[in-house]
Amino acid sequence: MFPKPIEKSGVATQFAYKVFLPIALIIWLLPLLAIVATSVRPPSDINTGNVFGWPSSFQIIENYTAVFTQSEATTYFLNSFKITIPTVILSVSLACLSGYALAIYKFRAALPLFFIFVAGNFVPFQILMVPVRDLSVKTGLYDTVTGLVLFHAAFQTGFCTLFMRNFIKALPFDLIESARIEGVGEFKIFWYLVLPLVRPAIAALAVLIFTFIWNDFFWATVLTQGEASKPITAGVRALNGQFVNNWHLVSAASLLAAVPPVAMFFLMQRHFIAGLTLGAVK
Amino acid sequence: ADLVINFDDPNPGPKKGFEDAVAKFKEANPDINVIVNINDREAHKTAIRNFLSADAPDVTTWYPGNRMAPFVDAGLFEPVTDLWEQEGFNETLAAIKPTMSRNGEIWGVPYSYYQWGIYYRKDIFDEMGISEPQTWDELLAASAKLKENGVTPFTIGTKFLWTAAGVFDYLNLRTNGYDVHNDLTAGKIKYTDPRIVDVFEKWKQLIEPGYFIENHATMSWQDAVAPFANGEAAMYVMGNFSVDAYLNAGLTMDQIDYFQFPEITPGLPRAEEAPADAFFIPSGAKNKEDARKFLAFVAQPDVQTEWNKTIGQLPVNSESEIGDNKFLREGFETVSTAAGLAQFYDRDAPAEMAKAGMEGFQEFMIKPERMDAILQRLDKIQERVYK
Amino acid sequence: MTATALPDTDPPVTRSWYARNKLAITPWLFLIPAMIFFLIYVIAPIFQSIWISFYEWDGLGAAEWVGARNYVELMDDDRFYTSLWNNVLWLLLYMLAVPAGLFVALFLNQTVTGMRIYKSMFFFPFVISQVVVGLIFTWFYNPDFGVVGQVWQFFGATPPSILGDERYVTYGIIAAGLWPQIAYCMILYLTGLNNVAADQIEAGRLDGAKGWKMLWYVVLPQLKPATFIAVVVTVIGALRSFDMIAIMTQGGPYGSSNVLAYYMYETALSEYGYRMGYGSAIATVLFLIMLIYISYFLYRMYQDEKGAR
Amino acid sequence: MSGLTIRNAIKRYGEVQVMHGVDLDIADGEFCVFVGPSGCGKSTLLRMVAGLEETTEGKMAIGGRDVTHMDPADRGVAMVFQTYALYPHMTVKENMSFGLKMNGHPKEEIETKVAEASRILKLDEYLDRKPAALSGGQRQRVSIGRAIVRGPEVFLFDEPLSNLDAELRVEMRVEIARLHKEIGATMIYVTHDQVEAMTLADKIVVLRAGRIEQVGAPLELYRDPDNKFVAGFIGSPSMNFLNGTMNAGGLVDVPSLQTSLKLNVTPPPEGTAVTLGLRPEHLIVDPAGDTHRIDLTEALGGVSYDYLMSATGERIVVEERGDERAVEGATVGLTIDPDRAMLFDTKTETRIR
Amino acid sequence: MSGLTIRNAIKRYGEVQVMHGVDLDIADGEFCVFVGPSGCGKSTLLRMVAGLEETTEGKMAIGGRDVTHMDPADRGVAMVFQTYALYPHMTVKENMSFGLKMNGHPKEEIETKVAEASRILKLDEYLDRKPAALSGGQRQRVSIGRAIVRGPEVFLFDEPLSNLDAELRVEMRVEIARLHKEIGATMIYVTHDQVEAMTLADKIVVLRAGRIEQVGAPLELYRDPDNKFVAGFIGSPSMNFLNGTMNAGGLVDVPSLQTSLKLNVTPPPEGTAVTLGLRPEHLIVDPAGDTHRIDLTEALGGVSYDYLMSATGERIVVEERGDERAVEGATVGLTIDPDRAMLFDTKTETRIR
Ligand SMILES: Nc1ncnc2c1ncn2[C@@H]1O[C@H](COP(=O)(O)OP(=O)(O)OP(=O)(O)O)[C@@H](O)[C@H]1O
Ligand SMILES: Nc1ncnc2c1ncn2[C@@H]1O[C@H](COP(=O)(O)OP(=O)(O)OP(=O)(O)O)[C@@H](O)[C@H]1O
Ligand SMILES: [Mg+2]
Ligand SMILES: [Mg+2]
């Protein structure tokens, strides 16, 4: 282990480390803590410049309910879920299929195809923007949740395929061969053997994609316009326009928008980190 | 039959005004099933391009002037010249008629407009013994006095750029007049033209002594209300819609007041900024007949009276009543006696030019010493945009 | 051995075409759904964009073929150069996330009680949407009632307008962007550190490598995969920087914090834009820059794949 | 009848040819072991039999049916992998019944077959465990069970015990021997381990570089190898090889032994370069002699290995038993039993008999 | 002088104590091997010597210097790891010179030392390769080279050969023996492998559960173990243990042999439960007898192992040599040389001499 385990150094060092750790954390999260504090302040605190001090009164409930009552936040949240969940399901399913094909079968096009998926994953969004928007408008998918879902699913397929393919590739090939000798068909191998075995990867991937999509802002901007299909990220921006100068409300709204991915992260931490590092490092 | 209307302001006041009008329209036409879509203004601006061509509503809000030009030119709006004839709008809506016209036709029906000018803190002015400036010199003197007393004369928030254009427009209208404004936005005058340079020189007289608040580039117009409200700044070049914001920020009607932007070139006919909001019929509309009914309806004097009372703006119809608030009365006075009404720099100039121009204004407000470079750059862009 | 012919007792079984070509066909059946999606939404649009970049088109009327004119105009566009330069700044400064992430990871790579919680808290910023991060920092930087303003005023200084001053604005946004990015690099390094071979560290200890020397000579080389990925994601993050700019400044003041990604959006889709051709040209340039990294990444992957076979 | 016949089997990977026309007959019920150095093609040949690798050329028949181009599933073979290849998400029982279930066998039939296999392999206690909860030996048993359940004509094993530790390996080896006795199916077994090969096989196939060097019963190969390669490969420690030449009288001149030997073989022409093969266990150190120096001795308790150096620089290993042991550094001679010495042609490496 | 002295060394991981007061002296230049079952603390003890593990209590001195709390780098030890622990990003040369470089030795000195080590280990050709481009044996040589270069007083090896295949293992074993002869440094070597332990060691330390069971020269342990554990541990195949009881006349009753033996020991009191130890290589199958049934024989060529079952159900392994071999299923007797049998107290497991 590097650096040297702190238990092995002197008592003074250990003590200093343990003291410094929370301090470092507070400094690190200062922007966040400040905004948490702001979100429970009454507006008067902000106008009088009480940024660091103790809130003169706690308006937790007032501020947070205000976000919902004074804006379309409820719709935004619902939209975010309506966009995120189907996208996760769709892209992960597609990727399981394609990842399986690319990992298990040896055919000449496998590597080039795989590389195309990987490359697509790195493409700057902007190069897709105009045609994708155009396509959505033409097919009537513009400003619909479906339109966003389809696009996100397609785009994430690149990353998901990379991820699933590498994971499936790491499965012992013996298992597949063993099943083939037993006369199990290719689809059954996929369904009964590979799918159950890649469940951890699916979980990791799902958590990751959930956060990616939930946090998407660019495509929400490009592919939606109205309240009816706007997700929370774009919604928060709109609220920012609406709640100008009401920093307590903007803070509250921002924090609310962050809740689902953060909850996801804390609940599924193991999967999340596994996802990040698996997907990336492998 | 269905009548689909797209409206562009979900804020409580405007929304209510619109919905009340729709309710009344339904009452009058029980056979028409009105469907409304209300979008955020910024979203509406981008969305209109799609719905006009892909899935057109029967009526939509939009803005006159150059803002409607691309859609008119692309044949996406339906001309309503005959409706104007028929309903006598040529008289009742005359004030806005020029900006609603293009290529010899009239393209929509305005339901509201509002004046611009200088809103100020009457209490501060009174305390320092300043009266409403009538001329440029008086304005400078008032500013100097405020500054001396630790109050920044002007607040402004230029994060979203157009606020700076308001100041520019007024300086230009007062220095050079209505025609120069129109020629400039039509690309007929260069930005390095001595007349325009002169406008910037005037502007410098406000910038260099620090008569605008600092950090305005990070503020929206709403943000900029704060210093005005807490007495750090005393004047605001703004449109009438801002009155609500002052009141919300805790000011009372007694503390605020309005005066017309002071005269600069003596004797010049006074033109004003008075942007209008209007309804248009997309050429792809399915129910054009009822759409025309709706347009005719919103132009009616009593409808406009009610509506504009709700939203605190001026009705366009000359037979409507003005709301009984001092700003509206003063505003009506201002616009009805103006020699010309300008829409606004960013509505009168083509979009690309407007964007570049407003960025130039913002840059100039922060770095006035770069004036020459900025103007030359604007010339370059102008050359390309209007070719 | 006598080469007796094989006793062919059974007649050759005739098998269906699918049965005979099963292994050749099946992969395509698995691949087709993903391929269709990807083709429609990713591959085709890239070429469409490049194609559109040779047109003048406002998204409404007919598109007009203008050849390379958009590119010629780009060469003479100050905004473009500002954006390009800012992109370079982003690329360079965003890289700080890599060593900073390593540093934080080293700091946290201990087994004190509650370490897991600390690690997750440090990682936290990465999970939050960039929109929210942008809002947080916009407020943070606000000279009047933000934290920065308060701190400056506490020391009696006039707070700088970080987002309103062309000198600071890009750095301000990058700093905000670094916050989640450092967290990301930190996690990559933490997992990397987990996999550092204990025996090599021990060999290093016997060899007398201590502290920085150990880090430099023994640990860092082992963290190379983590570093590689950290660099890749950071480069991509830097070139994709859109959300923060859209939220914090919209490229302002007067375009001085613009980057290609946002400038493209602005030209093509914002209120004053609708120059699809010109926007596509910008996107194409951005794409070409990214292509360098994509190629490098694929090259690395190809090497790995070759090695694995 | 379910023997295996391979005729002129050739395998190419692209340009590279790895199997060069193998001919092999394995009788019904026989236990056949493939041995050979790493990379010689043992696994490849086995996998060709299984159908996991295409047979590029040649024919292959199981129980008389031509299976050359059949799917693995249709060949009537079952394979036990070195890595066990158990499905980790299924219990032992599910692992064993998976293949049958997927092929739509009726439930009762599956039940009986699994019960039977589990009885044979003493797996009854573990049927509901997942593989992760089993020891290495138990896992290997399950993987054998999975093979048994399908009732194949031919069992294929690819180094099934090499992932087990020494003790378990011995145990499982005995188990497999018992199994073969009990179910009597044809088995083909790949291994690296001398002991496994010698103790399990009815027939050993020695492969080298994609060719069969010799086929025979274990002791047959030990006692009567066809060539130097097989002689060196079978037996541990390996056979000593000494250079020699045929002299006039049919005697073999062996410089390092400073003597000539008369072997019971048809002597090749005079002057032929030959190689003398002597197994370490057939040599006796003669303290009275002076042809060799003892370089190093390794005492393992029951046996010792003496590393002898001759004047010619050739090394010889001698296995010593009993309590009297040679001393390092001493000068000694060697006692050789000519009947147990073997002679090879140095050029062709074939045995001279 | 650079011997090693360990006095009452204790190691605790938190609450768990894994070394229970070890005392050990290793002379300068001695080759000392630690053996013992898995988990007995061999590695831990070695790593305590290296300084990679803190010594909880006790003292440790190398060449008279107290090193108990010194940094690993300052102890004058070098370690060769089972996994080689080469730095994968450095060439062979850089790997070997790294330690010296870290300690600021002048360039020329490093050059000479690396050249010397590379000569000894025949690594000259590979100096510019990275470890990934080397075979297992070469890698292990490099890791030994890295140790040599530093010129330590004590070399530590932790199962250095267990990742190599059988053939290479033999080769490297001889290499290490040669190295010890050539540089004459003190070496401590941990292994699982009987053969390595027996052949390399000047002194074997048998550990069990964090305690030393016996220390001695290899054949000393083979011939004269102190207790049943050591007797069973040293020698392969393992010693056979049979239950017995002392009877009146100082004879040992061994039911499974259906006889009583008179051993050359001080007899314990009558009725004591004893265990008789018989090495497989010291037993001879007597075809004329009828005490045992031959369950299984395994012929490996030079030797065969016979698995005999007695009437009491005790199993005995016999190592047979020569050409005449026993037949499976036959009923046989056993010929025992009482001088070679050992006796242990069943309760305490100590040897009765
Ligand atoms: N997919 C492949 N492509 C090319 N060559 C291959 C492939 N698989 C195996 N080979 C080659 O075929 C030869 C035989 O390999 P095989 O695995 O059968 O050897 P083996 O005898 O089983 O060795 P081991 O004892 O190490 O398992 C080797 O030289 C190997 O390099
Ligand atoms: N870090 C640790 N914490 C707690 N117990 C440990 C730790 N390291 C080792 N042990 C325990 O110490 C004992 C000795 O371990 P050690 O690795 O020295 O055994 P060993 O003799 O080397 O075994 P092997 O032959 O398997 O290598 C074991 O029981 C092990 O569980
Ligand atoms: Mg193999
Ligand atoms: Mg160990």
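Within every chain, numbering begins at 1; the chains are lettered A, B, ... in the order of the sequence lines, protein sequences first and strands thereafter.
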Next on the checklist: What residues of residues 128-139 of chain E make heavy-atom contacts with chain C at a cutoff under 4.5 angstrom?
Outcome noted: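 So no residue qualifies.
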Checklist entry - By number, which residues in residues 76-88 of chain E have some heavy atom less than 4.5 Å away from chain C? => result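 Hits under 4.5 Å: Val77(E), Met79(E), Phe81(E), Thr83(E), Ala85(E), Leu86(E), Tyr87(E), Pro88(E).
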Checklist entry - So which of Asp74(E), Leu52(E), Asp71(E) has the biggest tally of heavy-atom pairs under 4.5 Å with chain C? => result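 If we count pairs closer than 4.5 Å to chain C, Leu52(E) comes out on top.
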Checklist entry - Between Asn95(E) and Thr91(E), is there a donor-acceptor pair closer than 3.5 Å when you use the side chain of the first and the backbone of the second? => result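 Yes, because the side chain of Asn95(E) sits within donor-acceptor range (under 3.5 Å) of the backbone of Thr91(E).
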Item to check | side-chain hydrogen bond (donor to acceptor under 3.5 Å, both in side chains) contacts touching residues 214-225 of chain C (sequence neighbours left out) | outcome: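 As it turns out, the side-chain hydrogen bond (donor to acceptor under 3.5 Å, both in side chains) pairs with a partner in residues 214-225 of chain C, which skip direct neighbours, are Gln200(C)-Gln222(C).
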Item to check | Lys/Arg N to Asp/Glu carboxylate O, Lys107(E) vs Glu111(E), below 4.0 Å | outcome: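 Not counted as a salt bridge, because no side-chain N and carboxylate O are separated by less than 4.0 Å.
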Next on the checklist: Nearest 0.5 Å, please: how far is CZ in Arg178(E) from CE in Met172(E)?
Outcome noted: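 CZ of Arg178(E) is found 9.5 Å from CE of Met172(E).
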Checklist entry - Is the gap between the ring centers of Tyr189(E) and Phe155(E) under 6.0 Å? => result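 Centroid separation for Tyr189(E) and Phe155(E): 6.0 Å or greater.
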Checklist entry - For the ring pair Phe126(C) and Trp179(C), is the centre-to-centre distance below 6.0 Å? => result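 No, too far apart.
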Item to check | Heavy-atom proximity to chain C below 4.5 Å, by part of Arg47(E) | outcome: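 Side chain only.
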Item to check | Partner set under salt bridge (charged side-chain N to carboxylate O under 4.0 Å, His left out) for Lys11(E), not counting sequence neighbours | outcome: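 With neighbours one apart ignored, the set is Glu53(E).
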Checklist entry - Is there side-chain contact between Asp193(E) and Leu161(E), with at least one heavy-atom pair below 4.5 Å? => result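 The answer is no, as the side chains (C-beta and beyond) never meet within the 4.5 Å cut-off.
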Item to check | Contacting moiety of Ala209(C), where chain E heavy atoms sit under 4.5 Å | outcome: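 Answer is both: backbone and side chain atoms of Ala209(C) are under 4.5 Å from chain E.
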Item to check | Charged tip of Arg146(E) within 45° of Phe98(E) ring normal and under 6.0 Å | outcome: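 Here Arg146(E) fails the 6.0 Å and 45° test against Phe98(E).
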Checklist entry - Counting heavy-atom pairs under 4.5 Å to chain E, which of Asp207(C), Asp199(C), Ile201(C) comes out on top? => result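 Of Asp207(C), Asp199(C), Ile201(C), Asp207(C) has the most heavy-atom pairs under 4.5 Å with chain E.
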